Amino acid sequence: MLTMRPRGTNDIMPGEVETWQYLERQLRHICGEYGYAEIRTPIFEHTELFLRGVGDTTDIVEKEMYTFIDRGERSVTLRPEGTASAVRAYLEDKLYAGSQPVKLYYTGPMFRYDRPQAGRYRQFHQFGVEVFGSHDPAVDAEVIAMSMDFYGRIGLKNLALHVNSVGCPACRPHLRRQLQDFFRPRLASLCPNCRERYEKNPLRILDCKESRCSELGAEAPTTIDCLCDSCLTHFASVKKHLDLLHLPYIVDRRLVRGLDYYTHTAFEIMAPDIGAQSSIGGGGRYNGLVETCGGPPTPGIGYALGLERIILAMKNQGCAIPRSPGLDVFVVTAGKAAEHTAFHLLFKIRRAGISADKDYLNRSLKAQMKYAGKAGTRFAVIIGEEELKSDTAVVRDMDAQEQATVAMGEVIKYLQAKMRHAPRLP
RNA sequence: GUGGGUAUAGCUCAGAUGGAUAGAGCACCAGAUUGUGGCUCUGGGGGUCGUGGGUUCGAGUCCCAUUACCCACCCCA
């Protein structure tokens with residue numbers, strides 16, 4: 001146990017972490033372009049926030065939360081998603097009092113106690129955005145388009161964008177009644193799960209993956225059939241705005257999504273070839289959530305994407321993932337006498353803004369060269385007895401296999417000139 | 001929470017029907033006429049065979065349990 005990480009968690013090691021940094025860089029960049037500001041909320045919150053915010057009949061709350069009692073006997077929970085915290089912060093820090101809309105983004109680890117599987121972990125990482133304070137369907141389209149824009153920039157292809165409207169408090173009861181009327185005679189044929197859903201949340205039956213249920217549900221009235229006029233208008237406008245951007249989408253009448261707080265627009269992005277957990281992002285509008293959490297009636301919309309699944313999809317699609325460049329310089333010593341001079345030079349090189357390292361294992365010249373070569377270092381700066389005597393250093397270009405003897409005082413200038421005239425190829 | 005598969009060196013894996021000092025490739029380290037990397041050659045260090053029980057004269061190999069990983073259900077990112 002001592003040397004094993006907890007189930008469903010991952011170490012992101014050198015070699016892999018560069019991919020994460022790359023994605024985080026791209027995400028921050030795109031947020032800047034779209035006018036979203038970063039928010040950093042705690043990784044744990046009072047349990048009641050998620051009970052209220054996520055919905056206490058959801059799977060997340062019913063069986064997936066990491067909840068514990070702290071030393072002050074408060075029940076706290078490792079966040080299973082990001083929206084609830086954003087809403088809490090919006091209220092606690094009174095962002096509703098400032099200019100609207102408020103456009104936020106966040107990224108970081110989320111926690112759900114679930115059985116690990118391809119693309120599913122107990123600690124996983126999400127990036128998400130939330131927009132508070134606007135009813136405008138164009139915002140729905142912006143949020144959707146922003147996610148699609150991001151996927152495109154990192155080179156993901158063959159994605160399917162599913163959109164739907166799940167209605168509002170005005171049309172939900174109507175839909176609920178229609179669905180119950182429809183399923184009542186077929187109740188016996190539904191899976192046990194869906195028999196429960198019939199009472200608690202018949203909408204979710206449409207989302208069931210059991211083949212029997214989905215066959216039965218094929219003829220069922222869907223959310224779209226029961227939408228009120230304002231919902232229909234809103235949905236039409238969202239689609240119109242997506243059309244304006246030439247964003248292809250599939251109207252998926254069966255798309256419901258598992259969190260209770262969604263109203264109006266719901267959407268999900270699916271990637272092929274990453275296993276059964278094919279959703280790489282999703283979101284929707286949650287006009288009632290802020291009020292549910294004790295705030296003023298405030299419209300909101302957001303989405304979240306899973307970084308692990310994005311990376312999985314990128315690997316499977318062969319997307320280019322930038323590698324970190326090697327060191328610029330490795331300072332090599334031949335003989336112990338040169339150690340002091342080498343150490344001093346190493347720091348002068350670094351202070352000049354050139355990345356550099358040296359051997360700390362007392363290795364032979366040959367071994368140091370080998371190490372430098374393997375690490376992809378651009379230059380070796382070699383100091384031995386002869387160089388000490390003449391106050392010089394040998395600067396070797398590892399790729400070009402050329403070297404020159406340079407006066408010690410000129411080494412940095414020489415390196416800078418070399419790097420300027422022949423920048424390293426990626 | 002349910003089901004299936006896997007677990008042997010740092011990595012990828014060999015090790016029929018139980019009986020060698022448990023192997024290979026890659027990686028790592030050191031050498032190849034004593035100050036120079038990537039190729040080649042030679043040599044070397046490394047494994048309580050996931051863990052704990054059991055069967056047996058004898059278990060990496062069979063049985064049970066346990067843990068982890070992989071995959072699927074479920075759900076979702």
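The structure presented is a predicted model; accordingly, all values stated were derived computationally and were not measured. In what follows, chains carry the letters A, B, and so on, assigned in the order in which the sequence lines appear, proteins first and then strands, with residues in each chain numbered from 1.
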Rounding to a whole Å, what distance do you find between M65(A):CE and G1(B):C1'? 17 Å
At a cut-off of 3.5 Å, list every protein nitrogen or oxygen paired with a nitrogen or oxygen from nucleotides 25-33 of chain B, distance to 0.1 Å.
| unit_1 | atom_1 | unit_2 | atom_2 | d |
| --- | --- | --- | --- | --- |
| C28(B) | OP1 | K374(A) | NZ | 3.0 |

Does a donor on one side chain sit under 3.5 Å from an acceptor on the other, for D114(A) and Y121(A)? no
Separation between the C1' atoms of U12(B) and G19(B), rounded to whole Å: 29 Å
Once you apply a heavy-atom cut-off of 4.0 Å, does A372(A) come out as touching a base, just sugar-phosphate, or nothing? nothing
When rounded to the nearest Å, what value does the distance between P atoms of G23(B) and C63(B) take? 25 Å
Go through the structure and list residues passing side-chain contact (heavy atoms from CB on, under 4.5 Å) with I349(A), not counting sequence neighbours. V329(A), V331(A), L345(A), I354(A), A356(A), I412(A), L415(A)
Residues forming a salt bridge (charged side-chain N to carboxylate O under 4.0 Å, His left out) with E268(A), sequence neighbours excluded: R257(A)
Between P116(A) and R309(A), which residue's closest nucleotide on RNA chain B lies nearer the 5′ terminus? P116(A)
Euclidean distance for C1', G10(B) against G47(B) (whole angstrom): 11 Å
Write down the protein N/O and nucleotide N/O pairs, taken from nucleotides 40-48 of chain B, whose separation is under 3.5 Å; answer none if there are no such pairs.
none

Which residues, if any, of residues 11-27 of chain A bring a heavy atom under 4.0 Å of RNA chain B? none
Ordered by number, residues from residues 264-277 of chain A within less than 4.0 Å of RNA chain B (heavy atoms) are G275(A), A276(A), Q277(A)
Just the rounded figure in Å: distance from C1' of C76(B) to CE of M110(A). 13 Å
Considering only atom P, compute the distance from C13(B) to U8(B) and round it to an integer number of Å. 9 Å
Counting only distance, no hydrogens or angles, is the base of A77(B) paired donor-acceptor with the side chain of R112(A) under 3.5 Å? yes
When rounded to the nearest 0.5 angstrom, what is the spacing between CZ in R184(A) and CG in L179(A)? 11.0 Å
Nearest-nucleotide pick for Q401(A), side chain only, options being A72(B), G37(B), G35(B): G37(B)
Knowing that exactly one of T392(A), V395(A), V381(A) qualifies, which makes a side-chain contact (heavy atoms from CB on, under 4.5 Å) with V406(A)? V395(A)
Tell me if a side-chain donor or acceptor on D359(A) pairs with a main-chain N or O of R363(A) at a distance below 3.5 Å. yes
Does any pair with a residue in residues 3-26 of chain A pass ring-ring contact (aromatic ring centres under 6.0 Å, His included), and if so which ones, sequence neighbours excluded? W20(A)-H125(A)
Any side-chain donor-acceptor pair under 3.5 Å between Y286(A) and E130(A)? yes
Is it true that the side chains of T107(A) and Q126(A) contain a donor and an acceptor less than 3.5 Å apart? no
Inter- and intrachain pairs under salt bridge (charged side-chain N to carboxylate O under 4.0 Å, His left out), touching residues 269-282 of chain A, at least two apart: none
Distance below 4.0 Å between R7(A) side-chain N/O and U67(B) OP1 or OP2: no
How would you label the contact of Y121(A) with the nucleic acid (heavy atoms, under 4.0 Å): base, sugar-phosphate, or nothing? base
Using a cut-off of less than 4.0 Å, is there contact between a side-chain N or O of Q117(A) and OP1 or OP2 of C73(B)? yes
Measure all distances between protein nitrogen or oxygen atoms and nitrogen or oxygen atoms of nucleotides 4-11 of chain B, and list the pairs falling under 3.5 Å.
none

Rounding to a whole Å, what distance do you find between I383(A):CD1 and U36(B):P? 17 Å
Set of side-chain contact (heavy atoms from CB on, under 4.5 Å) partners for D11(A), sequence neighbours left out: R5(A), M13(A)
At what distance, to the nearest 0.5 angstrom, does CG of D93(A) lie from CZ of R88(A)? 7.0 Å
Taking atom C1' in both U51(B) and U36(B), compute the distance separating them and give it to the nearest angstrom. 48 Å
With a 3.5 Å cut-off and just heavy-atom distances, do the side chain of E387(A) and the base of G35(B) make a donor-acceptor pair? yes
Would you kindly give the CG-to-P distance between D114(A) and C70(B), to the nearest whole Å? 13 Å
Carboxylate-amine/guanidinium proximity below 4.0 Å for E142(A) and K103(A): yes
Can you check whether P272(A)'s main-chain N or O pairs, donor with acceptor, with S278(A)'s side chain at less than 3.5 Å? no
Using the C1' atom in both, what is the distance from C28(B) to U66(B), to the nearest Å? 34 Å
What nucleic acid atoms does I280(A) come within less than 4.0 Å of, heavy atoms only: base, sugar-phosphate, or nothing? sugar-phosphate
Any idea how Y371(A) and F330(A) line up, ring-wise: parallel (<30°), tilted (30 to 60°), or perpendicular (>60°)? tilted
Could you check I269(A) against S147(A) for side chain to side chain contact (heavy atoms under 4.5 Å, CB included), going step by step and ending with a plain yes or no? CA-CA 9 Å; I269(A) 295 95; S147(A) 70; 3.8 Å; yes
Just the rounded figure in Å: distance from P of C69(B) to CZ of R120(A). 13 Å
Nearest to side-chain heavy atoms of Y113(A), which nucleotide of A77(B), A68(B), G1(B): G1(B)
Tell me what G8(A) touches on the nucleic acid: a base, only sugar-phosphate, or nothing, going by heavy atoms under 4.0 Å. sugar-phosphate
Whole angstrom is fine here: how far is it from CG in N10(A) over to C1' in C70(B)? 13 Å
Describe the nucleic acid contact of Q403(A) in one word from base, sugar-phosphate, nothing, applying a heavy-atom distance below 4.0 Å. base
Protein-nucleotide distance (F379(A), atom CZ; G38(B), atom C1'), rounded to Å: 17 Å
May I have the list of side-chain donor-acceptor pairs in residues 131-141 of chain A shorter than 3.5 Å, sequence neighbours left out?
| unit_1 | atom_1 | unit_2 | atom_2 | d |
| --- | --- | --- | --- | --- |
| S134(A) | OG | D136(A) | N | 3.1 |
| D136(A) | OD1 | A138(A) | N | 2.8 |
| D140(A) | OD1 | R285(A) | NE | 3.0 |
| D140(A) | OD1 | R285(A) | NH2 | 2.7 |
| D140(A) | OD2 | H234(A) | NE2 | 2.9 |
| D140(A) | OD2 | T265(A) | OG1 | 2.6 |
| D140(A) | OD2 | R285(A) | NE | 3.1 |

Any salt bridge between E64(A) and R122(A), counting N to O under 4.0 Å? no
Ranges pairing with ranges for RNA chain B, where each run has three or more Watson-Crick or G-U pairs under 3.5 Å: B:1-7 with B:67-73, B:10-13 with B:23-26, B:28-32 with B:40-44, B:50-54 with B:62-66
Donor + acceptor pair across side chains of S85(A), E45(A) (<3.5 Å): yes
Using whole Å, report how far CG of L255(A) lies from P of A77(B). 11 Å
Of H125(A) and M369(A), the one whose nearest nucleotide on RNA chain B sits closer to the 5' end is M369(A)
